[in-house]
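Throughout, protein chains are lettered first and strands after them, A, B, ... in sequence-line order, and every chain is numbered starting at 1. The basis for the numbers below is simple: all heavy atoms, side chains too, and nothing from hydrogens, waters or symmetry mates.
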Amino acid sequence: MKGYIDFLVYALGIKELIAKVPKLDECTREVFYLRTSPQPLEVLIKQMEEANVERGILYSINAKRSHGCDMPGNDLLYEIIKKRPELFIGVGSIDPLEDDSLKELEKLYSNYEFIGIFLSPAYQLFDPCDEKLSRIYEFLEDNKMLLVLHMGLTWNNRLSIKWSNPLIVDEIARKYNKLKIVITHMAWPWIDDLYAVMFRNRNVYAITSGVFTGKPKEHLCTILTEGYRRRITERFIADRLLFGSEFPRMEIWKMVDAILSTNLSENTKIMILRDNAVSLLTSLNKAI
Amino acid sequence: MYGDPTLKIEVKIMEIITNRKTEIIDITDEVQSFVKKCGVRNGIVNIFVRHTTAGIFLNEKEDGLLKDFMNYLHKIVPEDDEYYHHHFFYKDGRAAVNAWAHIRSVLLGHFLTIPLKDGKLLLSARQRIFFTELDGPHSREILIQVVGD
């Protein structure tokens, strides 16, 4: 059986990285709001093996302007990916409001070969529709890089969620209609708004990450199969849903088991767990 | 015996990275090896698991039996049940979704005390020491404390 692809793994809570940048631990606790004990990188790899995940998409978050820290920063992220390129693929991060953001983006594209960037209006405090971001979106679109937008609930109430509703993405998706945009956490609790954006824009994808309403199985039923959601999932957006565990906020195997335990068709389950990610990565010239 | 200058107390923190969601690992040889290294001949050894979703027990090492232990733990405390613990846990900054692992660990217990005589663990021929992972893979710590002379 071919392995699954985990489209959302944060490179946080990793002992080896904290040893290099001790401040990363404090940022993870206070900004990212994860207070569990750091674990060696080997634990992430074993989590992937146990869940039959063959590739993990690893993320960085640039929160320098908003919180004085990178989580973990593009250079550190690249170090992990260089160590295990057969396991990990990188999504970097930039501060879209900084003057040199385009230069950093070019580095991520040319030197690090990251497949895209992660932007979080909540962690990074910016309006995704700010005109200053046009040059970023144009670069991503021209160079077939992904824009992963952090949407939906953030538990840390010191962060604003005023730009976390996916309806805001509609403007970007329409204007840059060749840009592939991936929305995290199915934008919970604004799932109907997510549907609206995905129905109108074929270039918008969503990651099934996040556990907001109970245990993984309960939450994934809430967002994928309860009531009319099963119909939407199966008939309308099955080809644009991507599996994501959001490790280390959740163990990878628990999220895989939760997808497998839903009453979705077997075909849709494998599309979410693998096939859609392979198609998307292939469209970015990143063969699996 | 308290205050006895010949009394030795030695401690080791044994680190394990587990491989599976649930896993039973025989640590008898590691414990005996540490006792030997300490040079303590007579006394006790305490083995303490520093986690709330792992456990420790003594029993026979037989593959079928080890599977039975885990199967019964799953039957007694099923994952697919209602637990009050399963909500957003502000202390950790993540959803708590593993009440079953906590409860299973309580059933197993977190420590063992084994007598030592002539530098050897006084286990029966069939007894082995098993560390039990209940929510892995994870990095785990087991504290081994040898007390004696």
Listed by number, the residues in residues 40-62 of chain A that come under 4.5 Å of chain B (heavy atom to heavy atom) are P40(A), E42(A), V43(A), K46(A), Q47(A), E50(A)
Turns out that what part of N157(A) lies under 4.5 Å from chain B's heavy atoms comes down to neither
Smallest heavy-atom separation, V97(B) atom then P216(A) atom, equals CG1-CD, 3.5 Å
One should read off an interatomic distance between S37(A) OG and E141(B) CD, to the nearest 0.5 angstrom, of 8.5 Å
Checklist line | Side-chain donor/acceptor of W253(A) to backbone N/O of R20(B), under 3.5 Å | finding: no
One should read off an interatomic distance between Y90(B) OH and N156(A) CG, to the nearest 0.5 angstrom, of 10.5 Å
Pairwise side-chain contact, R35(A) with K91(B), heavy-atom cut-off 4.5 Å (strictly under): no
K254(A) side chain reached by D135(B) side chain, heavy atoms, under 4.5 Å:
yes
query = Can a salt bridge be assigned to the pair D92(B) and R249(A) using a cut-off of 4.0 Å between side-chain N and carboxylate O?
reply = no
Output for pair (F247(A) CZ, R94(B) CZ), nearest 0.5 Å, gives 8.5 Å
Among K217(A), E251(A), K215(A), the residue with the most heavy-atom pairs under 4.5 Å to chain B is K215(A)
Please state whether the rings of W155(A) and F88(B) are parallel, tilted or perpendicular, taking 30° and 60° as the class boundaries. parallel
If one checks every heavy atom of H86(B) against chain A at 4.5 Å, the contacting part turns out to be both
Okay, E82(B) and chain A: the region with an atom under 4.5 Å from a heavy atom over there is side chain
Answer key: most heavy-atom pairs under 4.5 Å with chain B among E218(A), M250(A), E246(A) is M250(A)
Honestly, the part of Y83(B) sitting under 4.5 Å from a heavy atom of chain A is neither
- request: Might you confirm whether atom NZ of K64(A) has over 12 heavy atoms from other residues, nucleotides or ligands at distances under 6.0 Å?
  value: no
Over 12 foreign heavy atoms within 6.0 Å of CZ, F89(B): yes
If you draw a 6.0 Å radius around CG in D63(B), do more than 12 non-hydrogen atoms from other residues or ligands fall strictly inside? no
